[in-house]
There are 2 protein chains.
Amino acid sequence: MDIDLRQLRYFLAVAEELSFTRAAARLHMSQPPLSQAIAQLEAGLKTRLFTRTSRRVELTAAGQEMEAQARALIAQAERAQQQVMSVGAGRSGKIEIGATGTILRGGLAGWLADYRRHAPEVRTVIYEQAPALQVKDVLEHRTDISFNRTDLSFDRSVARHPELGCTLAWRESVSVILPRGHRLAAQDVVALADLAADEHVMLHPESSEFARYLQKSCVEAGFLPQVSQQVVDSQSIPSLIAAGFGVALVPASTARFTSNDVAFRMVAQPLVADVYMIFRQHEQSPAVHEFLRWRAECARIRPAQETPITSK
Amino acid sequence: MDIDLRQLRYFLAVAEELSFTRAAARLHMSQPPLSQAIAQLEAGLKTRLFTRTSRRVELTAAGQEMEAQARALIAQAERAQQQVMSVGAGRSGKIEIGATGTILRGGLAGWLADYRRHAPEVRTVIYEQAPALQVKDVLEHRTDISFNRTDLSFDRSVARHPELGCTLAWRESVSVILPRGHRLAAQDVVALADLAADEHVMLHPESSEFARYLQKSCVEAGFLPQVSQQVVDSQSIPSLIAAGFGVALVPASTARFTSNDVAFRMVAQPLVADVYMIFRQHEQSPAVHEFLRWRAECARIRPAQETPITSK
DNA sequence: GTTCAATCATATATTGGACATATCCATATC
DNA sequence: GATATGGATATGTCCAATATATGATTGAAC
């Protein structure tokens, strides 16, 4: 009673050849089972599909309808198979990405563009996330990959979860934001120690591993930064600097979207603003798996990772 | 390698139950062959569709895609089957109808409306045909049914073809078109014999059996009509009458679309303008077959067929 | 920690159905 | 009317889908 794609393939062969014998030859089978299969299909539909005049085979009206329907069905089955295999191989699908505001506006989309060229069928959906929620969101499948500036291998603030993996995504340099007319604005590159006397605007160290890293780096450079203001959202930093609250150390890419009320200057190495990807080690969809595999391969070929988009 | 709707039905059962055991019960089969069938499907796609954790079954990303695709495919297969069966039963399909101008404009569409209500999926396509080509067009499958005023049972002008059938479609009365101020315009009903002295406009008797029928009727009424003008297209008759070329006998429904430069009066019975359907006895599509069957049944229930639309 | 129950995978036997070979029947062609 | 062509029918064979039995894993109960 239920039709079956095999029957439809047989039907189409007969409909195209208008001959059971020729169709059977094309299907690499003998003629009787083909006749039987068609008869069975007709019985299931309670409808004749061919008129057999012992010398000529013709399609009935229902047969013509069936030809159109069968073609559409088989084509759709083909597409369905391709689509499923494509998802299975990670060539299509969806990757849910979480990122902090600075990373999202700091060139993440541009950095992803490479992969979009490599796997155009994979949709990437980017959510802006509070850093504190990123690990939780990944663990609970709300996102597949989180981009942030925390290297879980060294992070002690979140419980080191065995299910989570962490990889360096890209490496950018650190800039310092100076107010107009600051004494260091004349230099192209600023050494970290030169900022010892300035007041600093920085992110809350509790919620930002990057802030803790900067603090630690300052201490290693020989001074404990004077904090004039702590902020939650890095977007508000440039306006605070413009208002005279001091200086701020930020990832170089922050310069892309800010006015020229303030000056951006490179900070000398070895200060870096690394961006990491956090992801589940298992239970990752093929698209995510393939994405991470591709990234790992790229990193193997060209390990020196630079700022995704120059902050010029 | 080629997927098969049976596998998809199995897959959907498992995807819905998220359990091989329950799905097998729902499918009235045991669990091992179901597991095998799914494994086979996965092998064909080279893609895992479920993650089995020996306690819980879950869909992979590819499995979710497959669920959507499978639903769409099975629904389409269902629709295809319905559609083919519908065509096979004559509930849907197409009927190509040929008709002469007078019949086409004389209420054919209205007469067909009944059937369109009965079988709304059947499309009826109406072509205007020269009467001389109607039989040929039916025999050569250009049309399925011809409407005209020729009863093939008595027609001797065309070779009586054994493949052709002929049935009365409807019966209308005959009207006479009189010029303004004609002496008979005062009467509601005109007897045929009263028109003996008038000049007549009529269709070519060679191409119109109706014209021959009218001629014969006049002779039986005791006069040979004086023909002032012979026309091919009955549409031109009213204007010729208005121009004073005499009178004309026409089917009553002709009055529907003409101005009041002329007067229409009923002609006394037994003069009738019957409309017949001509069709192939065999090689008719289910839609045509079902249409004719339905008509025959209606005629059996209510044999008195009237003018399809009153010529008021 | 141990046992039990639940659940899917694997092994093996069985059966139904798809297929092939052989043949029959109808008809178009000569 | 003989022949050839092409589909239907009959019958045997073989594979594949299924059932039964069993194993393996694991979550839950105590």
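Predicted model, so just to flag it, every value in this text is computed and none were measured. Naming: A, B, ... by sequence-line order, numbering from 1 per chain.
A/R123 contributes no side-chain N or O that, together with a main-chain N or O of A/K94, makes up a donor-acceptor pair within less than 3.5 Å. Side-chain atoms of B/Q134 come within 3.5 Å of backbone N or O of B/F147 as a donor-acceptor pair. Listed for the A/T60 side chain is a donor-acceptor partner under 3.5 Å among the backbone atoms of A/L49.
Rounded to a whole Å, the CG atom of A/L41 is 17 Å from the C1' atom of D/dA8. If you measure from atom CD of B/E58 to atom P of C/dC8, you get 12 Å, rounded to the nearest angstrom. Between the CG atom of A/L34 and the P atom of D/dG7 there is a distance of 9 Å, rounded to whole Å. In this structure, B/F50 atom CZ and C/dT7 atom P are separated by 16 Å, rounded to whole Å. Spacing between atom CD1 of A/I38 and atom P of D/dG6 amounts to 18 Å, rounded to whole angstrom units. When the P atom of C/dA22 is taken as reference, atom CD of A/Q31 falls 14 Å away, rounded to whole Å.
Nearest nucleotide to the side chain of A/P32, out of D/dT9, D/dA8, D/dT20: D/dT9.
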Name the pairs: protein N/O against N/O of nucleotides 11-17 of chain D, kept only if under 3.5 Å.
none

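Two rings, from A/F291 and A/Y115, have their centers less than 6.0 Å apart.
For D/dA8, the OP1/OP2 oxygens have a side-chain nitrogen or oxygen of A/S35 closer than 4.0 Å. The shortest distance between the side-chain N/O atoms of B/R52 and the OP1/OP2 oxygens of C/dT7 is not below 4.0 Å.
Applying the ring pair (Phe, Tyr, Trp, His ring centres under 6.0 Å) definition to pairs two or more places apart or across chains, none involves residues 67-87 of chain A.
In B/R26, the CZ atom is crowded: over 12 heavy atoms of neighbouring residues, nucleotides or ligands sit closer than 6.0 Å.
B/S30 comes within 4.0 angstrom of a base, heavy atoms only.
For the side-chain hydrogen bond (donor to acceptor under 3.5 Å, both in side chains) with A/Q129, the lone residue among A/D137, A/N148, A/T100 that qualifies is A/D137.
Scanning residues 11-28 of chain B for heavy-atom distances under 4.0 Å to DNA chain C yields B/S19, B/F20, B/T21.
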